[in-house]
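This one's a predicted model, so the numbers in the text were calculated from it and none came from an experiment. All values below come from the heavy atoms of this structure, side chains included, with hydrogens, waters and symmetry mates left out.
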Amino acid sequence: MEKKPRAAGDDQGGGEASGSVGGGLVDILPEALLVEVVGRVGLEAACSAAASCRALRGAAGAALSSVASLDLSAFTPTNAIANRILAGNGRLRSLTVNCSLLNDSAVAAIAKESLRELSLLKCSSFSPYLFVVIGERCTNLRSITLEMANLNGSEHFVICRKSIAHMFKGCDYLENLSLKFPLLPPGSVDFDSLVPVIPSTIKVLLLMPVANWQAKKLFPISPSLKTPFSDSLESLSLVLDIITDELVTFITRSLSNLLELCLEDNPGSEADLDNDLTNIGLQALGLCQNLTHLSLTRGKQGCSSTFRRVNDFGLLMLAEGCKQLQTIRLGGFSKVRDAGYAALLHSCKDLRKFEVSTASCLSDLTCLDLDEAATKITEVRLLSCGLLTSETAISLSSCTNLEVLDLSGCRSIADSGLSSISQLSKLTLLDLAGADITDAGLSALGNGSCPISSLCLRSCRRITNNGIASLLCGSGTINKTLVAFDIGNVPRISGRAVTLIAKNCERISSLCLRNCVLITDPCLETLGLDRHGSGKSTLRMIDLSYCTRLSRNFLRLFDPLVDPPLFRGLRWLGVGKNVLERRGGSPTVAEILERKPGLTICGSNCEMGCRNQCHPDVRTL
């Protein structure tokens, strides 16, 4: 059906024109009651209420001024929006902001004396003034996360360093510190100049990226050279160029109270066998008998290097020493076999979360006979483990408390595995990306008892529209619980499947259709309509990258001036570079963003929501 644009001055939300009839009734309600009602529905609903009814505007403003926790990371607020939301709130204790479009004009609104937790993500335009103001005003901070997204090399950090040090001096109660510079290479950030001024109260520390030689200076073995927080630190996370035995020894000997350790590296090439993590490093970790969380990973971002000098013996020693582990995350251990992984599963009696990725020697035997471990485990992630089959899924069905199951990249998982998984009554997340499942497997899942809220079927190339129908129209409840759905790169998915999702999924807020080449404009129109009586579509994020059959003018579907308006609650739209490179489309990306300031349009082919990605927002391209 053809949508016609409305004039810019027309009502866009069913707003005051549609709400004026009920406005008189709302006007007679006590203001305190209105504030209480609006305050309970959340930020987005409060703003919608204010837009649709004049009587609720004061109540929405009062509610926002008294809220204690705000998360503004799901969209990219401008300076004006941030100032409008944060102005006048003297009770705010926790704040998370996507700062892609913010600069020093928003600093005064962000840096509030009442704050205890502050997370500033994707910062690209702030000057050192930001850190000075935080240090002067936010003296009661317990937790701060700074993610600097667009630094021009390490020179900018040198400029900011003194201001960051000044910020630390004003935050005497700081316990949690995360400093992230994701676009800079390890060694380019002078962390060792900051460490001496980090408050001694720090219990949780994350630094990214750090060179191996820097990390050894940060955590020296000699007692006389210890950092101020060595005795208080309980959790350490480092993103490094390489993990070595020497570094692990330095950390375990200098941090006596360590409970959580997360080390991730990405060597540019295959690591030198004489300068790498070996069984000796795992043995050193085994001495940390109080560890409850351990993460050792290698191989992200396309890195082919693995821990070639660690085998079953290393994990056996780790299992013998660290029996208190509740979370285990291992990636890139290509020489470890079933005996090593099984030793961890059976030795750690309190294990809740278990993740292994790119383990070429891990087979179905690892999860065989889980016994006592099966009753406590709530999360299992076995990623890109090529030897796994449906037998592993069948074994894991004995984990009756399992809430998260991620088998992405395990290409031999078939329909028989889904039949067992479908009986897990607490499962909320299931990732089967790349699995060898068919429509029959989806039918079993659709008739099962899993309350799945997040389901990934990306690259499951044998499923069709009929499978989606069986999944969503079965006797189970998945159509009522599904919130996030990924069916990207499935060649036979067409508009029929999208229509089924729109009609049956009451709560769907995130939908990935990446590389679904049969998707066209009409099925998107169906998806963008309000079908469940909320006044707007429930979708908040949609990925349409590489959907090549969309018309040149498909962005008109996201134009708020179209009547009736579609995708009214959308916060993130992935279109891919291929769409942005088209010429002559109307409306343009710039026009959409001008009319819909709460929307982010990503043209960088990022995963949903630009997770873990720092790049300029598309509106600046």
Side-chain angles (χ1 to χ4, degrees), residues 43 64-73 75-152 154-184 189-191 193-202 204-208 614 617:
L43 172 63
L64 286 175
S65 68
S66 60
V67 71
S69 178
L70 275 177
D71 187 342
L72 306 181
S73 62
F75 71 106
T76 52
T78 61
N79 288 322
I81 292 174
N83 281 307
R84 184 80 174 268
I85 292 175
L86 298 174
N89 189 325
R91 300 176 59 184
L92 194 62
R93 287 179 168 264
S94 177
L95 176 63
T96 300
V97 188
N98 181 333
C99 301
S100 298
L101 301 179
L102 301 184
N103 56 32
D104 289 352
S105 299
V107 169
I110 290 173
K112 295 182 175 296
E113 184 179 352
S114 59
L115 281 175
R116 299 296 185 271
E117 301 175 4
L118 177 62
S119 296
L120 303 179
L121 310 179
K122 303 183 181 181
C123 303
S124 58
S125 301
F126 288 119
S127 74
Y129 173 71
L130 167 70
F131 311 114
V132 174
V133 175
I134 290 176
E136 291 177 350
R137 295 187 180 180
C138 306
T139 55
N140 292 310
L141 271 182
R142 267 57 171 183
S143 173
I144 185 166
T145 296
L146 296 175
E147 182 182 68
M148 311 303 292
N150 202 22
L151 292 179
N152 298 317
S154 57
E155 293 81 6
H156 193 170
F157 176 77
V158 173
I159 298 173
C160 294
R161 185 177 60 199
K162 291 184 179 179
S163 300
I164 295 176
H166 178 81
M167 176 186 71
F168 289 152
K169 291 180 180 179
C171 300
D172 294 332
Y173 306 105
L174 199 62
E175 296 180 350
N176 189 328
L177 172 64
S178 297
L179 295 177
K180 304 178 184 180
F181 300 82
L183 301 184
L184 297 182
V189 180
D190 187 16
F191 283 120
S193 67
L194 280 180
V195 167
V197 296
I198 292 178
S200 59
T201 53
I202 288 293
V204 180
L205 177 64
L206 184 152
L207 300 177
M208 169 188 185
C614 290
D617 192 79

* Asked: Can you tell which of L141, T145, L205 makes a side chain to side chain contact (heavy atoms under 4.5 Å, CB included) with L177?
  -> L205
* To do: Could you point out which residue of S69, S119, S143 forms a side chain to side chain contact (heavy atoms under 4.5 Å, CB included) with S94?
  => S69
* Would you name the heavy atoms of K122 and E147 that are closest together and state the gap between them? => N-OE1, 2.9 Å
* Would you find a donor on one side and an acceptor on the other, under 3.5 Å apart, between the side chain of R142 and the backbone of N140? -> yes
* Asked: Can you tell me how far the NZ atom of K112 sits from the CG atom of L95, to the nearest 0.5 Å?
  -> 8.5 Å
* Could you tell me whether the side chain of R137 and the main chain of I110 form a donor-acceptor pair under 3.5 Å? => no
* Least distance between heavy atoms, R116 atom then S114 atom -> NH1-O, 2.8 Å
* Hey, what do you get for OG1 (T201) to CG (L174), rounding to the nearest 0.5 Å? -> 6.0 Å
* Nearest heavy-atom pair of S105 and N83: which atoms, and what distance? -> O-ND2, 3.6 Å
* Structure fact -> Correct closest heavy-atom pair for C171 and C138 would be SG-O, 3.7 Å
* **Residue of the set T96, V97, L72 for which side chain to side chain contact (heavy atoms under 4.5 Å, CB included) holds with L121** => T96
* Could you go through the side-chain contact (heavy atoms from CB on, under 4.5 Å) check for L130 and L120 one step at a time? => CA-CA 11 Å; L130 167 70; L120 303 179; 4.0 Å; yes
* Can you check whether G170's main-chain N or O pairs, donor with acceptor, with T139's side chain at less than 3.5 Å? -> no
* Mark yes or no for whether S163, through its side chain, and V132, through its backbone, hold a donor-acceptor pair below 3.5 Å. => no
* Asked: Measuring from L92:CG to I85:CD1, what's the distance to the nearest 0.5 Å?
  -> 11.0 Å
* Short question: side chain of N79, backbone of N103 - any donor-acceptor pair under 3.5 Å? -> yes
* Determine, stepwise, if the pair V189 / M148 fulfils side-chain contact (heavy atoms from CB on, under 4.5 Å). => CA-CA 11 Å; V189 180; M148 311 303 292; over 6 Å; no
* To do: Over all heavy atoms of both residues, which pair between S100 and S124 is shortest? Give the atoms and the distance, please.
  => O-OG, 3.3 Å
* Non-hydrogen atoms of I202 and N176 that approach each other most closely -> CD1-N, 4.1 Å
* **L102 vs F126, side-chain contact (heavy atoms from CB on, under 4.5 Å): CA-CA, chis, key distance, verdict** => CA-CA 7 Å; L102 301 184; F126 288 119; 3.8 Å; yes
